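In what follows, every heavy atom counts, from backbone to side chain, and hydrogens, waters and symmetry copies are set aside. Since this is a predicted model, take the numbers as computed values, not measurements.
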Amino acid sequence: MRVCVVGDELVAGLGDARGLGWIGRVMARTTTEDPIFVAELAVPGESTSGLSARWETEAQRRFGPHGDNRLVVGLGAQDLVEGLSLARSRLNLANVLDIASASRVSCFVVGPPPRPDVDSADAAALPALSRAFSDVCRRRHIPYVETHEPLRTHDQWHADVAAGDGRHPGQAGYGLLAWLVLHNGWHTWLGLPSDDG
């Protein structure tokens, strides 16, 4: 199995002193018979427009011609920073998922977590973006992990982000993201027994 993870700096675990991010923590709790090849393909400050334009070229170089190829899309708040419309954000994600599906690449999407600078500018914008992404996935029967709503009022998340650069979490925050991924369909998506521990 080969898994490519595309997204912004959250995919790379920026701000995590242990260098694991949420992906490293998720993979540490993912037990398989054969090892999984995981490629983290992050671009800092990337919007869905940038992601849509580059993911296929980068992922195809890492996928096997006849293997079990999978794509994880880690979404952030950059679309709002760049002023993209909800319609454009939806279309960008839809294009990624539709092209992947046509290539028989199974997808898993992780939504944008709270980001203080964006949430303080317009408290409704990031939840609306997450709902739009969720709807795109629901229509395609693709797993979507909602991270904004469960972390919106989570004291540990906000304390961890505030202790860093004010935009990205540290170890505790990435641990919370990993927990949400692990408990929202990750093992099922991989065809593995559920891990509810």
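- Separating the NE2 atom in H183 from the CZ atom in R29 is a distance of 6.5 Å, to the nearest 0.5 Å.
- Between V5 and V38 the shortest side-chain heavy-atom distance falls below 4.5 Å.
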* **Trace of the side-chain contact (heavy atoms from CB on, under 4.5 Å) decision for W22 with L180** => CA-CA 10 Å; W22 63 264; L180 288 169; over 6 Å; no

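- Among all heavy-atom pairs drawn from H158 and P114, the shortest one is CE1-CB, 4.3 Å.
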* **Worked verdict on S134 versus E146 for side chain to side chain donor-acceptor pair (under 3.5 Å)** => CA-CA 8 Å; S134 176; E146 168 64 45; 5.7 Å; no

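- Judged purely by atom type and a 3.5 angstrom limit, E9 uses its side chain to pair as donor or acceptor with the backbone of G45.
- Hydrophobic clustering (side-chain heavy atoms under 4.5 Å, transitive across Ile, Leu, Val, Met, Phe, Trp, Tyr) keeps F133 apart from L151.
- D8 contributes no side-chain N or O that, together with a main-chain N or O of P44, makes up a donor-acceptor pair within less than 3.5 Å.
- Look at E46 and R54 and you find a salt bridge, because one of the NZ, NE, NH1 or NH2 atoms lies within 4.0 Å of a carboxylate O, short of that distance.
- Counting heavy atoms from C-beta on, the side chains of V11 and V6 never come closer than 4.5 Å.
- Side chains of H148 and P113 form no contact here, defined as non-hydrogen atoms less than 4.5 Å apart.
- F108 pairs in a side-chain contact (heavy atoms from CB on, under 4.5 Å) with only one of the listed residues (V145, V73, V3), which is V145.
- Side-chain heavy atoms closer than 4.5 Å link hydrophobic residues (I, L, V, M, F, W, Y) into clusters, and following such links, even through other members, never connects L10 to L41.
- Atoms CG and CG, on N92 and L84 in that order, are 6.5 Å from each other to the nearest 0.5 Å.
- For R139, the salt bridge (Lys or Arg N to Asp or Glu O under 4.0 Å) partners two or more places apart in sequence, or in a different chain, are D135.
- Across all their heavy atoms, P169 and G173 have their closest contact at CB-CA, 3.6 Å.
- Contact annotation: the side chain of R167 never approaches that of V161 to less than 4.5 Å [non-hydrogen atoms, C-beta and beyond].
- Atom CD of Q78 is separated from atom CG of L129 by 11.5 Å, given to the nearest 0.5 angstrom.
- When hydrophobic clusters are built by joining Ile, Leu, Val, Met, Phe, Trp and Tyr residues whose side-chain heavy atoms come closer than 4.5 Å, directly or via intermediates, V43 is not grouped with L75.
- Checked by atom type and distance alone, the side chain of R2 pairs as donor or acceptor with a backbone atom of R62 at under 3.5 Å.
- A 4.5 Å side-chain heavy-atom check between C137 and L93 finds at least one atom pair inside the cut-off.
- If you take CG on L80 and CG on D117, they are separated by 10.0 Å, rounding to the nearest 0.5 Å.
- Looking only at distances, a side-chain donor or acceptor of T147 sits under 3.5 Å from a matching main-chain atom of G111.
- In this structure, the side chain of H168 does not engage the main chain of R115 through any donor-acceptor pair within 3.5 Å.
- For the atom pair SG of C107 and OH of Y144, the computed distance is 14.0 Å after rounding to the nearest 0.5 Å.
- In the hydrophobic clustering of this structure, L51 groups with I142; members are Ile, Leu, Val, Met, Phe, Trp, Tyr whose side-chain heavy atoms approach within less than 4.5 Å, directly or through other members.
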* May I have the step-by-step check of side-chain contact (heavy atoms from CB on, under 4.5 Å) for V110 and V181, ending in yes or no? => CA-CA 7 Å; V110 180; V181 169; 3.9 Å; yes

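- Between W186 and W189, the ring-plane angle classifies as tilted under the 30° and 60° cut-offs.
- Hydrophobic cluster membership differs between V105 and I36, with clusters built from Ile, Leu, Val, Met, Phe, Trp and Tyr side chains linked at under 4.5 angstrom.
- Using a distance-only test at 3.5 Å, with no hydrogens or angles considered, a donor-acceptor pair links the side chain of Y174 to the main chain of L14.
- Within the 4.5 Å cutoff, the side chain of P143 has no heavy atoms near those of the N184 side chain.
- Ion pair D79/R88 not flagged as a salt bridge, since none of the NZ, NE, NH1 or NH2 atoms sits closer than 4.0 Å to an Asp/Glu carboxylate oxygen.
- Interatomic distance, W55 CH2 to L97 CG, rounded to the nearest 0.5 Å: 8.5 Å.
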* Could you walk me through whether R140 and D98 pass the salt bridge (Lys or Arg N to Asp or Glu O under 4.0 Å) test, one step at a time? => CA-CA 9 Å; R140 288 161 177 76; D98 291 346; 2.7 Å; yes

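- Scanning both residues, A172 and D160, for their nearest heavy atoms gives N-OD2, 3.5 Å.
- In this structure, the side chains of T32 and M1 stay at 4.5 Å or more apart for every pair of heavy atoms.
- Across A12 and A42, no two heavy atoms sit closer than the pair CB-CB, 3.8 Å.
- A salt bridge between D16 and R25 is present, with a side-chain N of the basic residue lying under 4.0 Å from a carboxylate O of the acidic one.
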